Chemist: 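I'd like to ask you about the structure that follows.
Keep in mind that this is a model prediction, so the values were computed, not measured. Residue numbers start at 1 and run along the sequence shown.
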Amino acid sequence: MEDDILLELFQKDSTIASWPFILSILISFLLSYLLSKIYIYRSNTLSNPISLARIFPLLSITTTIIIAVIKSSLALSLGLVGALSIIRFRTPIKEPEELVYIFLCITIGIATGANQNKLAVIGVFLATLCIYTSKLLNKNKINSNRIKIVINSFIPNDIPKLIEITSKYSIKLEFHNLSVNNYEGKKDTSISFSLIPNKFNDINLLVNEITEIFPKVSLSIIDNPFY
C-alpha cells in the first residue's frame with residue numbers, strides 16, 4: 001500500500017517536472033529558429049549562411065538538454081568536461097560573425113536549460129535590436145569586403161558580356177589582369193577582377209549566371225585580396 005502511494009507521488013512529480021523541460025525545449029527552438037532567419041538575411045559572411053543557420057535550432061536544443069541533465073549533478077558536469085575535450089569541429093569556422101551567432105545559440109541553450117527562459121527571450125531581443133541598429137547606422141557605408149574573381153577558359157569576344165554581368169552585381173569593379181594563350185589555334189583567355197558585391201547573397205547569383213551563359217568556363221573566388 002505504501003509502495004503504491006510513493007509510486008503515485010513519484011509519477012506526479014515526474015509529470016510536473018517534465019513540463020518546464022518541454023517548455024524550455026520549445027523556447028530554445030523558437031529563439032534559435034528566429035536567430036537563424038536573422039543570420040540568413042543580415043549576415044555579411046562569404047560562406048553560404050543557409051548551411052550554417054540550419055544547425056542553430058539543433059545546437060540550442062542540444063545545449064538545453066545537456067544543461068538540464070548536468071545542472072543538478074557535479075559528477076555529470078565533470079564527465080561532460082571530459083567528453084567535450086575529445087570533440088573537434090571538422091569544419092573550421094573562419095569568420096568572427098559565424099562564431100558570434102554560434103555563441104548566441106549556445107547561450108540560448110544554457111539559459112533555457114537552466115530554466116531562465118525570460119532571460120533567454122530578453123537576451124535574444126536585445127541581440128536582435130543590436131543587429132538591426134548596427135545595420136541601420138551603417139546602411140550608407142560602402143561594404144569594405146572585397147573579393148577577387150578569376151575567370152578562365154573563355155574566348156576574348158566574351159569579355160564585354162562578362163564585364164556586364166559582373167558589374168551588375170557589384171558596387172565597385174576593378175580590373176586586374178587579362179591573359180590570352182594561343183594553343184593549337186585555340187585562344188584560351190583568363191581575366192581577373194576585384195569587386196565589392198552589392199550584397200553577399202549576390203555572389204551566388206553572379207556565379208550561377210556566368211556558368212549558365214558560359215558553361216565551359218572555370219571560375220574561382222578569393223575573399224579580401226586587396227585593401
Side-chain angles (χ1 to χ4, degrees), residues 35-56 89-105 127-227:
L35 192 64
S36 70
K37 293 300 181 182
I38 294 172
Y39 176 70
I40 290 172
Y41 291 108
R42 293 292 175 178
S43 68
N44 288 324
T45 57
L46 286 168
S47 58
N48 184 6
I50 297 176
S51 62
L52 181 63
R54 192 181 297 119
I55 72 166
F56 285 0
F89 281 107
R90 296 301 180 187
T91 302
I93 304 299
K94 297 182 179 180
E95 300 184 46
E97 189 175 12
E98 295 177 354
L99 287 173
V100 170
Y101 278 92
I102 287 175
F103 276 121
L104 278 173
C105 289
T128 303
L129 185 62
C130 290
I131 291 169
Y132 278 85
T133 301
S134 176
K135 293 291 182 180
L136 184 63
L137 293 175
N138 296 308
K139 68 177 181 178
N140 294 323
K141 295 182 179 180
I142 296 178
N143 192 337
S144 61
N145 290 317
R146 294 171 179 254
I147 64 171
K148 178 181 179 181
I149 181 169
V150 181
I151 307 170
N152 301 306
S153 303
F154 63 93
I155 61 176
N157 292 337
D158 294 332
I159 293 176
K161 184 63 176 177
L162 287 169
I163 295 175
E164 178 186 347
I165 296 172
T166 309
S167 300
K168 183 170 63 173
Y169 296 102
S170 308
I171 297 174
K172 185 178 181 181
L173 180 66
E174 295 179 0
F175 168 79
H176 285 285
N177 185 50
L178 173 67
S179 62
V180 180
N181 298 319
N182 194 348
Y183 179 73
E184 294 183 352
K186 296 181 180 179
K187 291 184 178 180
D188 185 15
T189 308
S190 174
I191 192 169
S192 63
F193 304 98
S194 69
L195 60 93
I196 301 174
N198 296 323
K199 52 184 179 179
F200 278 84
N201 290 337
D202 283 348
I203 296 176
N204 288 333
L205 299 177
L206 171 62
V207 172
N208 291 336
E209 186 167 345
I210 290 177
T211 54
E212 182 179 353
I213 297 176
F214 307 102
K216 294 183 179 181
V217 304
S218 63
L219 185 149
S220 60
I221 294 178
I222 307 170
D223 63 313
N224 297 324
F226 302 103
Y227 296 91

Chemist: Of the non-hydrogen atoms in P197 and I171, which two are nearest, and what is the gap between them?
Modeler: O-CD1, 3.6 Å
Chemist: Check the pair F193, I163 against side chain to side chain contact (heavy atoms under 4.5 Å, CB included), reporting the backbone distance first and the verdict last.
Modeler: CA-CA 9 Å; F193 304 98; I163 295 175; 3.7 Å; yes
Chemist: Nearest 0.5 Å, please: how far is CZ in R54 from CD1 in I40?
Modeler: 8.5 Å
Chemist: To the nearest 0.5 angstrom, please state how far the OH atom of Y39 sits from the CD atom of E98.
Modeler: 4.0 Å
Chemist: How many angstroms lie between atom OG1 of T166 and atom CD of E209, to the nearest 0.5 angstrom?
Modeler: 9.0 Å
Chemist: Show the numbers, then the answer: is there a side chain to side chain contact (heavy atoms under 4.5 Å, CB included) between I149 and L206?
Modeler: CA-CA 10 Å; I149 181 169; L206 171 62; 4.0 Å; yes
Chemist: With rounding to the nearest 0.5 Å, note down the distance linking CD1 in I151 to CG in D158.
Modeler: 10.0 Å
Chemist: If you apply the rule side chain to side chain contact (heavy atoms under 4.5 Å, CB included), what do you find for I38 with Y101, and how did you get there?
Modeler: CA-CA 10 Å; I38 294 172; Y101 278 92; 4.0 Å; yes
Chemist: Specify the closest pair of heavy atoms between F56 and S36, including all atoms of both residues, with the distance to one decimal.
Modeler: CD2-CA, 3.5 Å
Chemist: Which pair of non-hydrogen atoms, one from S190 and one from N152, has the smallest distance, and what is that distance?
Modeler: OG-OD1, 2.5 Å
Chemist: Go through L52 and I55 one step at a time and tell me if the side chain to side chain contact (heavy atoms under 4.5 Å, CB included) criterion holds.
Modeler: CA-CA 6 Å; L52 181 63; I55 72 166; 3.9 Å; yes
Chemist: Working to the nearest 0.5 Å, report the span between CD1 of I203 and CG of N208.
Modeler: 12.0 Å
Chemist: Restricting to side-chain hydrogen bond (donor to acceptor under 3.5 Å, both in side chains), what partner residues turn up for D202, sequence neighbours left out?
Modeler: none
Chemist: Hey, what do you get for NZ (K37) to OG1 (T128), rounding to the nearest 0.5 Å?
Modeler: 14.5 Å
Chemist: Of all heavy-atom pairs between I165 and Y169, which one has the smallest distance, and what is that distance?
Modeler: O-CD1, 3.3 Å
